[in-house]
Amino acid sequence: MAYWLVKSEPDVYSWDTFVAEKQTYWNGVRNYQARNNMKAMRKGDTVMFYHSNEERQVVGLCTVVKEAYQDPTTDDPAWVVVDVKAGKRLKTPVTLATIKQTKGLEQIALIKQSRLSVMPLTEDEFNIIIALGS
DNA sequence: GCCAACGTTGGC
DNA sequence: GCCAACGTTGGC
């Protein structure tokens, strides 16, 4: 069981939209590293949902329900999507500012590689964020 | 709106 | 294969 974090611009695809749809395929990734991370996702893995730009906070959790397959929005076989199902909203959103100040999260990919849109989290990082969000 | 970081493209 | 130019992302 692995942990991941995905970013979305709330203007483009927000947590509320996701919750309303209950499930979605995570499309639009056009970066090889992010793509490789998606390919490494396994059914049942937990994914944190982060709002970038205006909000900059982790807002909720979701679960991988289908592993990587051809992105239906393009014919280019280089790109894949995964299906994710909306889970719980964090009681308290965890902001980037908080993450930066929190001991144990210094190495998180969210800070180290700010432009990456799909990234792995260690179990420790995941648990710390969960604790901050409850 | 600006700019830093960084990935991609294309000329050589 | 290198590197400059360029485009994109995302924090501020």
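Owing to the predicted nature of the structure, the values given are computational and were not obtained by experimental measurement. Only this structure's heavy atoms are used, side chains among them; waters, hydrogens and symmetry mates stay out. Proteins come first, then strands; the chains are lettered A, B, ... in the order of their sequence lines, and each starts at number 1.
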Among C:dT9, C:dC12, B:dT8, which is the nearest nucleotide to the side chain of A:Y32? B:dT8
Euclidean distance, atom CD of residue A:E55 to atom P of C:dC12 [Å, nearest integer]: 15 Å
Would you please classify the geometry between the A:F18 ring and the A:W26 ring as parallel, tilted or perpendicular, with 30° and 60° separating the classes? perpendicular
Here the distance between atom C1' of C:dG10 and atom CD of A:E9, to the nearest Å, is 8 Å
Quickly work out the A:R115 CZ to B:dC6 P distance and round it to whole Å. 8 Å
Which whole-number value in Å describes the distance from A:N53 CG to B:dA4 P? 18 Å
If you compare every side-chain N and O of A:K100 against the phosphate oxygens of C:dC12 (OP1, OP2), does one of them come in below 4.0 Å? yes
A:L5 CG to C:dG10 P, straight-line distance once rounded to whole Å: 11 Å
Rounded to whole Å, the CG-C1' distance (A:N31 to B:dT8) equals 10 Å
Test item: A:V6 and A:M41 side chains (from C-beta on) under 4.5 Å apart, heavy atoms: yes
Does the side chain of A:Y50 get closer than 4.0 angstrom to OP1 or OP2 of C:dT9 through an N or O atom? no
Do the side chains of A:D83 and A:K43 get close enough for a salt bridge, i.e. N-O under 4.0 angstrom? no
So, is A:K7 close to the C:dT9 phosphate, meaning a side-chain N or O under 4.0 Å from OP1 or OP2? no
In terms of hydrophobic clusters joined by side-chain contacts under 4.5 Å, are A:M48 and A:V29 together? no
Gap between atoms CD1 and C1', on A:I111 and B:dA4 respectively (whole Å): 16 Å
What is the distance, to the nearest angstrom, from the CD atom on A:E54 to the P atom on C:dG11? 10 Å
